[in-house]
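One structure is given below, encoded as structure tokens.
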Amino acid sequence: MAAAQPNRLPRGGRIDRSRPLKFSLDGKSYTGFAGDTLASALIANGVLLVGRSFKLRRPRGIVGSGAEEPNAIMQVGEGAGAQPNLPATRVELRHGLVAHTTRGWPSVRFDIGAISDSFGRILGAGFYYKTFMYPRFLWKYYERAIRLSTGFGHAPAAPDPDVYEHRNAHCDVLVAGGGPAGLVAALAAARSGARVILADDGNEFGGSLLSCAEQVDGAPAADWVAGVVAELRGLPDCTLLPRGTVLGYHDHDFLTVAERCDVGEAADRQDHARPGETAERLWRIRAKRVILAQGGFERSLAFCNNDRPGVMLASAVSTYINRFAALPGRRAVVFTNNDSAYRTALDLAGARAAVEAIVDSRPGSGGELAARAQAQGIPVLHGRVVCDVTGKKRVRGVRIAEWGGDSWETIKSTIYIDCDLLAVSGGWSPAVHLHAQAGGSLDWDETRLCFLPAQARQSHDSAGAGNGRQSLDECLADGLRAGAEAVAKLGLAPAAIEAPAANSAGQLPIEALWRVPAERDADRCPKQFIDFQNDATVADIRLAVREGYRNVEHVKRYTALGFGTDQGKLGNINGMAVLADALGKTIPEVGTTTFRPVYTPVRFGTVAGESVGGLYDPVRKTALHEWHEAAGAPMEVVGQWHRPWYFPREGEDLHGAVARECLAVRNSVGAMDASTLGKIDARGPDVVEFLERIYTHNVGRMKVGRCAYGIMLGEDGMVMDDGVMARLGENHFYLTTTTGGAANVLNWLEAWLQTEWPELEVWLTSLTEHYSTIAVAGPNSRVLLEKLGCDIPLDKENFPFLTVRNAKLAGMPVQLFRVSFSGELAFEINIASQFALDMWRMVMEAGREFEIAPYGTETMHVLRAEKGFIIVGQETDGSVTPVDLGMNWLLSKEKDFLGKRSLARPDCLQEDRKQLVGLLSADRRTVLPEGAQLIEEAVRAGATPVPMCGHVTSSYHSACLGHPVALALVAGGRARKGETLFAVGPEREPIAVEVVSPVFYDPKGERQHV
Amino acid sequence: MLLIECPWCGPRAETEFSYGGEAGIVRPLDPDALSDEEWADYLFYRANPRGAHRELWNHAHGCRRWFGVERDTVSYRIAGSFRLGPAGSETGKGANTERDD
Ligand SMILES: [Zn+2]
């Protein structure tokens, strides 16, 4: 197998050579080992070229080894379960893994888009804004072309087959990051009895210790890691989350962690995507203390052609050698402004690669690491910089120049070295993302040249490299300090623990080198990349400044710096330094862009968790639901309720069924399931006083047994909800609300009772689901109930309109209401829900001789519109007063009620407010589109602007009237009866309409009183 | 996500609660006696301070009680929760009626 992996080192690495794994990239097969990432397996196979850049289509190779990777962006998997835009550095290899490069089109080696590199100069900052803006009507074509040629990954078309879950957790100490500092901090906290969660982004704990050749407590670092992890695993209150990326630090110490579950051993068992097995789990953790130990990100340096495949971060080179036994190149040059890259030179030498030179921008030496390198015969070139790279699809060599400080605008190379690998280190930036997300401030450290976490705003502390510590010694000590401080803040007794000892080499300070001058003028030289994924260059940032951009957030948006999937982890600090230089400011004066969750890209499925499909939103069904379904009624979703829409007979469409249902109600009898109406029981010694304040009418005047139509207003005077209310006793009322408003109304009433009028003794209970409601409407409704057998007289004298009676109907206890939403003689039967289906069946059976029609929400709408009855939320939209609706008769003059004072505000008194009217189309045939705007003159379409004077709120064909009817809100509408207006909708000619009364049917309201 | 202390149920996640705006906005006893400006002030104007803010919350998915919270609008830190006492009392809705504007 090893022969197939030309760049695999013969020994070492944390890979399992006994477990070879086959995988493919762009259809070509390769073999790696368990423990590899996709990136390390590709490097072992000699594959470095993995993509094309976003804008300029330049060939790009693997640069990093973790979340900072900008280039190796892959589509992993196929079909519905494919995941787009994953960095190969974070994809654990598994058997049969299928990956595709996402940026190269049609392939990474031959890309017709690469021609745009030749035009690179015109593709500068803001190129898209400038070039494709005009003419505007062509934008949709430009956009399509741009999207196609940029070739990001493809989102699968089919639903995601994977299963995700959310889990809530609490802990005393959450440690983010399981490197040296995080491990010691977790150990210190856990040994002291704290409940600890330790989450780490990697597939195993250890962080940098897995990639280094150093020793801890006299043993190889990885052995020390194994000992600590074993101890933590044995502690009962310690939860370990390897493959757990802390995504966000939210308010009040609430953190989210994405745990990858479908990789590693699970994948090795080949049960990936086994139905029902969790692919990824989102932990929602509330912590008392948080220790942020996420380490740091190595920076690149800006020099010409610094993006050529083979230019890599020095730390990534070390990681591939030490952790994965994969050698990225055989002839290497190391370029650095600090000490850490010397380790990479030593690692390369240890792997028997030729290290041609260490190019160190700093003038002198004397460092311990430099001495070690020189002892191995590695040439160290001090006071020199790499200023250009040759080679296109692979580094061929580097040009090296003398370095005299960053005041130089141009530079002259004096040395050329052949190489296939350039390991670069521009210094280290602590991963301050979570600290900043939590609201913590940052301080610029002029010695270490990085932003350090400063003031914390929540219960967090930073430790290790993430806190600016550089040597392993310092990191271990800092982790211990953070752990002990967390323990002390929790009030626990600290356990005895000694700082592990490491043999860290002394370090010399870093030099402030951000951009290497080129051999030509900085704006005409080969490109010096800052953000590799978005092709943002030094010249782009300077151009932005020349064009007047000053703020880092604006420059970010203009140049797309930091916009990629790596979110600037590689290039942002360099970009800010170049910006500061161009502006003549310091880096802290320029500042950073905002750090926002999430820390690394996350799958949508992880965010959604279980809340998908049928679990996305609760479904509420009435007690009669199964009957409606059996009858073949399509359902209308109202709030969370599923209500029957209409009951089609064989061969009937919506219009046919609704016309038949309407005529049945008008001429004989129909029945509707009205159970979804909100029902509230209100009682108590002060209930009358309370309801007087809520409703607009005189509640106290209602006699026991009476019903009334009531509306309630917001304090702004706008109609909020409506419904029938009934007085069941002296201090006992039954209130109904709209289907959608039921919960809001109950909350509204409770809010006033609890906060404003706690002295009122009133109790409110929701009965919405306890009782079901069957509306029986039509001239034959009374005989139908009599036929069912009712123990009270139902005639007009004994049981008049707008009254309520307790009765036994067909032997079952019910509440009967004589109310009507259709304008016909009608009864509403309230019955305990467990008996509702029986009652409904008996109503249907008894109604057979009257050809009873069950009817749904559509017929209900038509019947009420024929009567001019409003629906809250259709005729009203939060800006409509009862006066606008012509409901002045409902407004008591004798008392105050919520919203009353607002009705006297000048805005509510204006004559030209939109008022409820009826509309008839002039041809008496055209059904107006609901939502159509109303205008005064039939102006041509396109002649804009046209003053609008209202809109259509409801519109139906009325079978019983033989023509369409519509309700509308029209400015000053009540005074405009008889006028002709025009209804306009998109893509329609204006329709002439006549303004009429909103009551189309039985205007005197006689039929409901019979 | 905020961690809010319900005075009856203890600390719970923000998703269990609904927000009720500034506390201490007392409904005028005689609205008709108010000028349009005074009524509009009650109806629309809120203090919106930068810093400490006393506000109403409802434990909507819990005990359904309304209560008061003092929260910093910059740091979101919550100084404490309080029950609403009888009108006019120290912790009643009548409390904290002084406004900056
Ligand atoms: Zn509660």
Side-chain angles (χ1 to χ4, degrees), chain A residues 166 168 170 248-256 284-288 438-441 455-459 597 693 713-718 743-744 746-760 764-766 893 895-909, chain B residues 1-5 8 11-15 17-40 42-44 55-61 63-68 71-72 74-78 83-89 91-95:
Chain A
H166 286 184
N168 295 316
H170 297 261
Y249 196 139
H250 308 272
D251 293 320
H252 291 191
D253 300 301
F254 181 80
L255 294 97
T256 47
R284 299 148 43 91
I285 301 172
R286 187 81 68 173
K288 290 192 182 133
S441 61
Q455 201 65 42
R457 206 173 70 182
Q458 300 192 41
S459 309
R693 297 178 189 182
L713 312 182
E715 273 285 60
D716 56 2
M718 304 303 154
N744 288 343
L746 186 62
N747 290 342
W748 169 252
L749 302 183
E750 275 289 347
W752 286 101
L753 267 183
Q754 289 185 33
T755 69
E756 195 75 38
W757 307 314
E759 71 280 6
L760 294 184
L764 303 170
T765 310
S766 169
K893 293 194 166 57
K895 61 160 186 174
D896 185 30
F897 52 83
L898 294 180
K900 186 181 189 184
R901 176 64 183 81
S902 287
L903 297 177
R905 293 179 63 236
D907 277 351
C908 292
L909 294 173
Chain B
M1 188 185 338
L2 305 183
L3 185 68
I4 298 170
E5 173 105 14
W8 284 272
R12 302 294 176 89
E14 183 184 347
T15 46
F17 298 87
S18 61
Y19 184 61
E22 184 180 342
I25 305 293
V26 181
R27 187 170 198 272
L29 289 175
D30 186 3
D32 283 337
L34 267 55
S35 69
D36 285 339
E37 285 71 26
E38 287 167 330
W39 179 252
Y42 155 71
L43 198 56
F44 300 121
E55 56 201 22
L56 294 173
W57 285 83
N58 179 226
H59 197 184
H61 297 282
C63 65
R64 301 186 49 222
R65 294 272 211 152
W66 285 89
F67 60 95
R71 184 179 62 98
D72 188 302
V74 178
S75 69
Y76 290 4
R77 219 170 273 133
I78 288 178
R83 299 183 185 197
L84 302 176
S89 73
T91 53
K93 208 179 170 188

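Proteins get letters first, then strands, A, B, ... in listed order; numbering begins at 1 in each. Quick caveat: nothing in here was measured; it's all calculated off a predicted structure. Only heavy atoms go into these numbers, but all of them, side chains included; no hydrogens, no water, no symmetry mates.
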His252(A)/Glu14(B) under side-chain contact (heavy atoms from CB on, under 4.5 Å): CA gap, chis, key distance, verdict: CA-CA 10 Å; His252(A) 291 191; Glu14(B) 183 184 347; over 6 Å; no
Contact leader toward chain B among Ala743(A), Ala904(A), Ser902(A), where contacts are heavy-atom pairs under 4.5 Å: Ser902(A)
From Asn747(A) atom CG to Arg64(B) atom CZ, the distance as rounded to the nearest 0.5 Å: 6.0 Å
Under 4.5 Å from a heavy atom of chain A, the part of Trp39(B) involved: side chain
Part of Phe67(B) within contact of chain A (heavy atom distance under 4.5 Å): neither
Euclidean distance, Thr755(A) OG1 relative to Ile25(B) CD1, rounded to 0.5 Å: 11.0 Å
Salt-bridge contact Glu715(A)-Arg27(B) (side-chain N to carboxylate O under 4.0 Å): yes
Side-chain ion pair, Asp251(A) and Arg77(B), N-O less than 4.0 Å: no
Tyr19(B), OH atom: more than 12 neighbouring heavy atoms under 6.0 Å: yes
Test item: Leu3(B) and Arg286(A) side chains (from C-beta on) under 4.5 Å apart, heavy atoms: yes
Point-to-point distance, once rounded to the nearest 0.5 Å, from CZ of Arg905(A) to CD of Glu37(B): 10.0 Å
Smallest separation among heavy atoms of Met1(B) and His250(A), with atom names: N-CB, 3.7 Å
Engaged part of Leu2(B) at the chain A interface, taking heavy atoms whose separation is under 4.5 Å: both
Which atoms of Ala60(B) approach chain A - backbone, side chain, both or neither, heavy atom under 4.5 Å: neither
Spacing of Gln754(A) atom CD and Arg65(B) atom CZ [to the nearest 0.5 Å]: 6.0 Å
Asp36(B) and Arg901(A) ion-paired at < 4.0 Å: yes
